[in-house]
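For reference, the structure discussed in these notes is given below.
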Amino acid sequence: MFPFNKKKQVLKPLNPNDKRYRYHFYGQVQGVGFRFVASQTAMQYQLTGWVRNESDGSVTMEIQGNPMDIKQVISRLHNDNYIEIDHYTREELNPILEDGFVPRY
C-alpha cells in the first residue's frame, strides 16, 4: 500500500572457485581493532562474511571468496601491530549467497 524505499539487496554471485571458511582466533584478539581490520581488509578484497567477538575472549569469522584473497586477509591480521594471534582453527563450509562483510555484535 505504501511505497517504502527499501535498500535493494545485491548478492554476490557464487564463483565455482570460491571457498567459505569459519575461523576461530585466540590470543590478544579483542579490544585491538580485530573486527575493524578484518572487515576493512575483507571489503578491500571484495570478500563476504562476518566477524564477531565471543564471550570467551576469542573471535569467530566466516569469510568467503577467492582462497588467495582470504589468505591475504589472514596475513594482514597476523601482521597487525596490535593483534596478537596465538593460534586459530579453520573449518571449511559450503559457500552461500550473501552481501558484503560485516562485524556482528
Side-chain angles (χ1 to χ4, degrees):
M1 176 170 265
F2 296 100
F4 293 102
N5 291 331
K6 290 186 179 181
K7 184 178 178 183
K8 191 181 243 186
Q9 187 176 21
V10 179
L11 299 175
K12 182 180 176 190
L14 290 177
N15 179 314
N17 297 322
D18 282 356
K19 299 287 184 187
R20 183 177 189 87
Y21 299 107
R22 178 181 296 133
Y23 287 89
H24 293 281
F25 296 95
Y26 302 90
Q28 186 62 41
V29 293
Q30 289 191 16
V32 292
F34 189 104
R35 289 177 296 171
F36 176 79
V37 172
S39 298
Q40 293 298 308
T41 309
M43 287 188 292
Q44 176 185 348
Y45 286 99
Q46 299 179 353
L47 301 172
T48 62
W50 54 267
V51 60
R52 168 182 74 210
N53 285 348
E54 302 296 345
S55 61
D56 65 357
S58 67
V59 172
T60 301
M61 177 173 72
E62 285 192 17
I63 190 166
Q64 177 173 299
N66 181 299
M68 294 305 292
D69 293 339
I70 293 172
K71 284 183 183 181
Q72 291 296 322
V73 173
I74 303 305
S75 177
R76 171 68 179 88
L77 292 168
H78 271 289
N79 292 318
D80 187 84
N81 290 332
Y82 300 103
I83 298 168
E84 294 180 23
I85 299 170
D86 292 336
H87 67 281
Y88 67 87
T89 62
R90 184 182 82 174
E91 172 187 2
E92 188 168 349
L93 306 171
N94 291 325
I96 63 172
L97 285 174
E98 67 184 339
D99 178 32
F101 192 96
V102 296
R104 290 188 176 172
Y105 299 95

Spatial distance of atom [atom1] ([X]) from atom [atom2] ([Y]) [nearest 0.5 Å]:
X     : Y     : atom1 : atom2 : answer
Asp56 : His24 : CG    : NE2   : 9.5 Å
Met61 : Ile70 : CE    : CD1   : 8.0 Å
Asp18 : Gln64 : CG    : CD    : 6.0 Å
Glu91 : Arg20 : CD    : CZ    : 11.0 Å

Are the side chains of [X] and [Y] in touch, meaning some heavy atoms are under 4.5 Å apart?
X      : Y     : value
Arg22  : Thr60 : yes
Leu77  : Thr41 : no
Arg90  : Ile63 : no
Phe101 : Val51 : yes
Asn66  : Asn15 : no

Can you get from [X] to [Y] by hopping between Ile, Leu, Val, Met, Phe, Trp and Tyr side chains that sit under 4.5 Å apart?
X     : Y      : result
Val59 : Tyr82  : yes
Met43 : Ile83  : yes
Tyr45 : Tyr21  : yes
Val73 : Val102 : no
Tyr23 : Trp50  : no

Legend entry - N/O donor-acceptor pair under 3.5 Å between Glu98 side chain and Gly49 backbone: yes
Shortest non-hydrogen separation from [X] to [Y] and the atoms involved:
X     : Y      : value
Glu84 : Val29  : O-CG1, 4.1 Å
Arg35 : Arg104 : NH1-O, 3.5 Å
Phe25 : Ser58  : O-CB, 3.1 Å
Phe34 : Ile85  : CE1-CD1, 4.2 Å
Pro67 : Lys19  : CG-CG, 3.5 Å

Inset, instruction - Determine, stepwise, if the pair Arg52 / Glu54 fulfils salt bridge (Lys or Arg N to Asp or Glu O under 4.0 Å). - result: CA-CA 6 Å; Arg52 168 182 74 210; Glu54 302 296 345; 2.8 Å; yes
Inset, instruction - Assess whether atom CG of Asn94 is packed by more than 12 heavy atoms of other residues, nucleotides or ligands within 6.0 Å. - result: no
Inset, instruction - Evaluate the ring planes of Tyr26 and His87, with Trp represented by its six-membered ring, and classify them as parallel (under 30°), tilted (30 to 60°) or perpendicular (over 60°). - result: parallel
